[in-house]
Amino acid sequence: MRVLKNDFVKYAHDEESADDQEETGWKYIHGDVFRYPKHKSLFSAALGSGTQLFTLTSFIFILALVGVFYPYNRGALFTALVVIYALTSGIAGYTAACFYCQLEGTNWVRNLLLTGSLFCGPLFVTFCFLNTVAIAYKATAALPFGTIVIIFLIWALVTSPLLILGGIAGKNTKAEFQAPCRTTKYPREIPPLPWYRQTLPQMAMAGFLPFSAIYIELYYIFSSVWGHRIYTIYSILFIVFIILLIVTAFVTVAMTYFQLAAEDHEWWWRSFLCGGSTGLFIYAYCLYYYNARSDMSGFMQTSFFFGYMACICYGFFLMLGAIGFRASLFFVRHIYRSIKCE
């Protein structure tokens, strides 16, 4: 906030002293900062899926805090996940289609199909493989055929119709993208940046701090899900989740500011990737937990652990990426609304 305040004072002073003075820093790229990102359909789909997963997580926490889930009844949690995911699919369709149309996208049907398959697709492929492994080992972890049919019917009769209805509602919402600055016709060339300002180093820096906020709690969650411990302190977990969201939002905003100050205007995807990078750190923790803390061994246990954790971490990536982008978008709109741009 102090750095921003100094920037505002500096730009106000520059406007008063010399109008022909060359602009520098983030004000210099005001004509490019609201240029729509590449692959806007994929971006909108990722934003829609991330928003749905955030809503799903919030509802699960509300049910847990009210006392719906009993410690010894794990089936209730999985049933709630499937049902609430199906019921919130309209949110994904609405968010994706609305944002896609704001970015002047035209093929909204393809965007809706992409939104529906972005998280469900990898999850379905992983489930098919792992269920086949469980059947081959004749394990009780294999879902019975009747349960699979019920899940498929929920997807066909609830998830898909709600996704389509949400998409239609989002398309018909005639909202324009709120950009405080006019975008120029041709994009400005991005100056050469040092290696630590590239995407991967930025993701590593942005993901470490939120991960460190939840690191201690992860061990207890893993011991409950993959071990024999019982996890009952949902209130502490909810506080940790709130801290995770706040830290992710602030770190992503800081990274976006540094990127704009270096006159790099392609911040859309970068903010999403920086926000979601915590999911990659959680998956790296899975490797550590499997080798150092767990007693798991054999192909079936290994494939189940890494397969399902990959899906969970991918969900975290989409959810936190959407949080990071929303925070960055709010921040970018605010700073460019506060200065005078020609």
Side-chain angles (χ1 to χ4, degrees), residues 32-56 85-86 88-126 155-156 159-179 183-187 190 199-200 202-203 252 256 259 264-277 279-280 310-311 313-330 332-333:
D32 295 277
V33 77
F34 292 105
R35 191 179 302 282
Y36 299 147
K38 297 170 185 172
H39 315 296
K40 60 176 86 168
S41 182
L42 178 61
F43 188 84
S44 303
L47 191 63
S49 298
T51 307
Q52 180 191 3
L53 291 169
F54 172 67
T55 311
L56 165 69
Y85 182 84
T88 53
S89 59
I91 293 171
Y94 177 83
T95 306
C98 183
F99 198 77
Y100 181 64
C101 292
Q102 280 184 29
L103 300 183
E104 298 172 9
T106 50
N107 198 344
W108 68 276
V109 177
R110 191 183 70 176
N111 174 250
L112 216 52
L113 291 172
L114 188 61
T115 307
S117 58
L118 195 65
F119 182 72
C120 274
L123 185 65
F124 177 72
V125 171
T126 307
W155 179 81
T159 307
S160 299
L162 284 176
L163 182 77
I164 293 165
L165 287 172
I168 293 169
K171 183 185 80 77
N172 294 332
T173 305
K174 301 292 182 184
E176 290 186 5
F177 184 74
Q178 301 295 321
T183 302
T184 55
K185 193 173 182 182
Y186 300 105
I190 298 170
T199 304
L200 287 175
Q202 294 280 297
M203 284 174 67
T252 311
T256 302
Q259 186 183 358
D264 180 358
H265 55 78
E266 294 180 347
W267 62 274
W268 298 70
W269 273 109
R270 181 78 67 85
S271 63
F272 193 95
L273 294 172
C274 284
S277 59
L280 303 178
C311 293
C313 293
Y314 176 53
F316 262 94
F317 177 82
L318 290 173
M319 179 181 73
L320 295 176
I323 297 291
F325 169 72
R326 288 291 187 189
S328 294
L329 181 63
F330 176 81
V332 172
R333 277 179 175 156

Please round to the nearest 0.5 Å and tell me the distance separating atom [atom1] of [X] and atom [atom2] of [Y].
X: Phe43; Y: Leu103; atom1: CZ; atom2: CG; value: 8.0 Å
X: Tyr94; Y: Leu112; atom1: OH; atom2: CG; value: 13.5 Å
X: Thr88; Y: Gln52; atom1: OG1; atom2: CD; value: 4.0 Å
X: Tyr100; Y: Lys171; atom1: OH; atom2: NZ; value: 12.0 Å
X: Ile164; Y: Leu113; atom1: CD1; atom2: CG; value: 8.0 Å
X: Gln178; Y: Leu329; atom1: CD; atom2: CG; value: 10.0 Å

side-chain contact (heavy atoms from CB on, under 4.5 Å) assessment of Lys38 paired with Trp268 | CA-CA 9 Å; Lys38 297 170 185 172; Trp268 298 70; over 6 Å; no
Are more than 12 heavy atoms, taken from residues, nucleotides or ligands other than [X], located less than 6.0 Å from that residue's [atom1] atom?
X: Tyr85; atom1: OH; answer: yes
X: Trp269; atom1: CH2; answer: yes
X: Phe177; atom1: CZ; answer: yes

Closest non-hydrogen atom pair, [X] against [Y]:
X: Ser328; Y: Thr252; result: OG-CG2, 3.4 Å
X: Gly167; Y: Ala97; result: O-CB, 3.3 Å
X: Cys313; Y: Gly279; result: CB-O, 3.5 Å
X: Trp267; Y: Val33; result: NE1-O, 2.7 Å
X: Ser271; Y: Thr256; result: CB-OG1, 3.9 Å
X: Arg270; Y: Glu266; result: CB-O, 3.9 Å

Which of these passes ring pair (Phe, Tyr, Trp, His ring centres under 6.0 Å) with Phe325: Phe99, Phe272, Phe330?
->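 Of Phe99, Phe272, Phe330, ring pair (Phe, Tyr, Trp, His ring centres under 6.0 Å) with Phe325 is met by Phe99 alone.
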Please name the residue in the list Ser49, Ser89, Ser41, Ser44 that meets the side-chain contact (heavy atoms from CB on, under 4.5 Å) test with Thr115.
->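 So, applying the side-chain contact (heavy atoms from CB on, under 4.5 Å) to Thr115 and each of Ser49, Ser89, Ser41, Ser44, only Ser49 qualifies.
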Within the distance-only criterion (no hydrogens, no angle test), does the side chain of Arg35 pair as donor or acceptor with the backbone N or O of Thr184 below 3.5 angstrom?
->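 A pair under 3.5 Å: yes.
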Is Thr183 close to Tyr36 at the side-chain level, that is, under 4.5 Å between some pair of heavy atoms?
-> no
Pair Leu47-Arg326, side-chain contact (heavy atoms from CB on, under 4.5 Å): steps then yes or no = CA-CA 9 Å; Leu47 191 63; Arg326 288 291 187 189; 3.7 Å; yes
Begin with the C-alpha distance, continue with both residues' side-chain angles, and end with the deciding distance and a verdict on side-chain contact (heavy atoms from CB on, under 4.5 Å) for Tyr314 and Leu118.
-> CA-CA 10 Å; Tyr314 176 53; Leu118 195 65; 3.5 Å; yes
Given side-chain contact (heavy atoms from CB on, under 4.5 Å), test Leu53 with Phe316 step by step and report yes or no.
-> CA-CA 8 Å; Leu53 291 169; Phe316 262 94; over 6 Å; no
